[in-house]
Amino acid sequence: MGSCLTVGPNEALVVSGGCCGSDDKTYMVGGWAWAWCLISNTQRITLEIMTLQPKCEDVETKEGVALTVTGVAQVKVITDEDLLAVACEQFLGKTVVEIKSVVLQTLEGHLRSILGTLTVEEIYQDRDEFAKLVREVASPDVGRMGIEILSFTIKDVYDKLDYLSSLGKSQTAAVQRDADIGVAEAERDAGIREAECKKEMMDVKFMADTKMADSKRELELRKASFNQEVNTKKAEAQLAYELQAAKEQQKIRLEEIEIEVVQRKKQITIEEKEIIRTDKELVATVKRPAEAEAYKIEQLAEGRKLKTVLTAQAQAEKIKKIGEAQASCIEAVGKAEAEKMRLKAEAYQQYGQAAQTALVLEALPKIASKVAMPLARTKEIVILSGDSSRVTSEVNRLLAELPVSVNALTGVDLTKVPLLQKLSATQA
């Protein structure tokens, strides 16, 4: 039986031992490994960066000056499998403090040896070169322990005899001296150069004034030309603006007309919908009730019609019966009248002309009454004539013309009647 062990990228897992007396070792960084119970041994070593501060106190330089130097180094265990195995052989089972102590002592030893080969000026003025030299010398030794120097810098350099400060003061004085000399020479050169510059400035000023006058004249001419062009362009722009404004106003008016057309169309649509709604409302409130009322009236009319038809049929039947009764009466009366007329005809035929004359004489009063009926409604008749005998003659004339009229109407000649013949003779 065994277990599966995992390790992060900041550690290295070492699994040693195995079945059948195997002495193989497994190095795992940021992964997992299998370990057998009781027969496998597992150990871990850190791969994180370790910060060291090597310090060498009162170490004599090449010139015999005692200096104290402090540095800062960043080191870590190398992850290459061969060098990792070397680091594990030397540091496995040790704490980080113990590992740092070993590497620190190695760095401090190399730092001491290098300090003895350099002067104070070389150490103080070129610290980067000094640190590079320390790193190059110490890297092979710490590399053989499986340690890698990532960086090494000099943090501080000082001495107890103020040698460095004195060196700095002398250098500062020399620099100050050189600075004063440089200032004096600069002021001298500046005065000479100032005079030359003033002369050049006057020449340049004269030329500049001349050119300025020419430029001013040219400027005025160009300004006049520009003003003319500007005014022309302004006038053109104003005309173009007015034209464009008129076009825009026309467009706006067209848009307004289109809007009015759209609004009118919408209004027409709304009115059409209102008409449809009103029509539906009228259908619901007027037409349907009217149709119902019409249907009611129609049904009532049909009822009345049926009643009238039935009444008419009954009345017709009644009239028919009455007519039949009246027809029977009329038939009887007619037969009686016919018989009467037949008898009259036989009598007229028997008596001849005398009978006809008698019949005409019976009818004359009726004819006269019909003819005189309009005159019966006349209140007064005025005959305009200057001679009174004229009226008598007019009456006689009318009576004389009467037989002719009766003959024309009936075919009976009244002049052959003995009584009328006597009357005519008398009048004559």
Side-chain angles (χ1 to χ4, degrees), residues 49 72 74 121 124-132 135 150-157 165 167-283:
I49 295 175
V72 177
Q74 307 291 341
E121 287 78 4
Y124 186 76
Q125 294 177 359
D126 197 354
R127 295 187 180 188
D128 293 338
E129 187 65 28
F130 174 44
K132 180 180 179 183
R135 186 168 57 252
L150 299 177
S151 68
F152 182 86
T153 57
I154 300 301
K155 181 179 180 181
D156 192 14
V157 178
S165 62
L167 182 63
K169 289 179 180 179
S170 61
Q171 291 179 350
T172 302
V175 170
Q176 186 68 35
R177 180 198 62 203
D178 294 339
D180 293 339
I181 294 172
V183 169
E185 291 177 352
E187 289 178 352
R188 180 199 62 194
D189 295 339
I192 296 171
R193 184 60 183 164
E194 183 179 0
E196 292 176 353
C197 290
K198 285 184 178 180
K199 180 177 179 301
E200 292 177 358
M201 182 186 70
M202 295 301 293
D203 294 339
V204 171
K205 186 175 181 301
F206 175 74
M207 295 177 64
D209 291 340
T210 303
K211 290 182 179 181
M212 186 179 296
D214 294 338
S215 299
K216 188 174 181 180
R217 179 176 57 81
E218 185 68 22
L219 177 63
E220 294 296 332
L221 292 175
R222 288 189 177 184
K223 284 175 67 176
S225 177
F226 290 160
N227 288 334
Q228 182 179 1
E229 293 180 2
V230 168
N231 292 331
T232 303
K233 295 297 182 182
K234 282 183 178 180
E236 293 176 355
Q238 183 65 25
L239 292 175
Y241 171 76
E242 293 177 356
L243 179 60
Q244 188 64 29
K247 291 181 179 180
E248 294 297 329
Q249 190 67 28
Q250 186 177 6
K251 290 181 180 180
I252 292 171
R253 180 55 186 162
L254 291 176
E255 293 292 335
E256 290 178 352
I257 293 173
E258 290 180 358
I259 291 172
E260 291 177 357
V261 170
V262 172
Q263 290 178 349
R264 183 58 183 167
K265 288 181 178 179
K266 290 184 177 179
Q267 186 66 29
I268 292 171
T269 303
I270 293 171
E271 290 177 356
E272 291 177 351
K273 292 183 178 180
E274 181 64 22
I275 290 170
I276 294 171
R277 187 194 68 78
T278 305
D279 183 57
K280 291 182 178 181
E281 183 179 356
L282 290 174
V283 168

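Values below: all heavy atoms of this structure, side chains included; hydrogens, waters and symmetry mates excluded. These numbers were taken from a predicted model, which means no experiment stands behind them. We number each residue from 1, following the sequence as shown.
- Nearest heavy atoms, Ala131 versus Thr153: CB-CA, 4.0 Å.
- Between the NZ atom of Lys233 and the CG atom of Asn227 there is a distance of 14.5 Å, given to the nearest 0.5 Å.
- Between Glu220 and Arg217, none of the side-chain N atoms (NZ, or NE/NH1/NH2) sits under 4.0 Å from a carboxylate O, so this pair counts as no salt bridge.
- Here the CD1-CZ distance, from Ile275 to Arg277, works out to 11.0 Å after rounding to the nearest 0.5 Å.
- Between the side chain of Thr269 and the backbone N or O of Lys265 there is at least one donor-acceptor pair closer than 3.5 Å.
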Original post:
Can you check salt bridge (Lys or Arg N to Asp or Glu O under 4.0 Å) on Glu129 and Lys132, steps first, answer last?
Top reply: CA-CA 5 Å; Glu129 187 65 28; Lys132 180 180 179 183; 5.1 Å; no
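- Glu256 and Arg253 are joined by a salt bridge, as a carboxylate oxygen and a charged side-chain nitrogen come within less than 4.0 angstrom of each other.
- More than 12 non-hydrogen atoms from other residues, nucleotides or ligands lie less than 6.0 angstrom from CD of Glu236.
- For the atom pair CG (Leu243) and CD (Gln250), the distance works out to 10.0 Å, reported to the nearest 0.5 Å.
- A donor atom on one side chain and an acceptor atom on the other are not found under 3.5 Å apart for Gln263 and Gln267.
- Looking only at side-chain heavy atoms (C-beta outward), Arg264 and Glu271 come within less than 4.5 Å of each other.
- Atom CZ of Phe152 and atom CG of Asp128 lie 12.0 Å apart (nearest 0.5 Å).
- Taking 4.0 Å as the cut-off between side-chain N and carboxylate O, Glu218 and Arg222 count as a salt-bridged pair.
- Lys266 is listed as a side-chain neighbour of Val262, based on a closest heavy-atom distance under 4.5 Å.
- Expressed to the nearest 0.5 Å, how far CD1 of Ile252 lies from CD1 of Ile257 amounts to 12.0 Å.
- Taken from NZ in Lys234 to CG in Leu239, the straight-line distance is 14.0 Å, to the nearest 0.5 Å.
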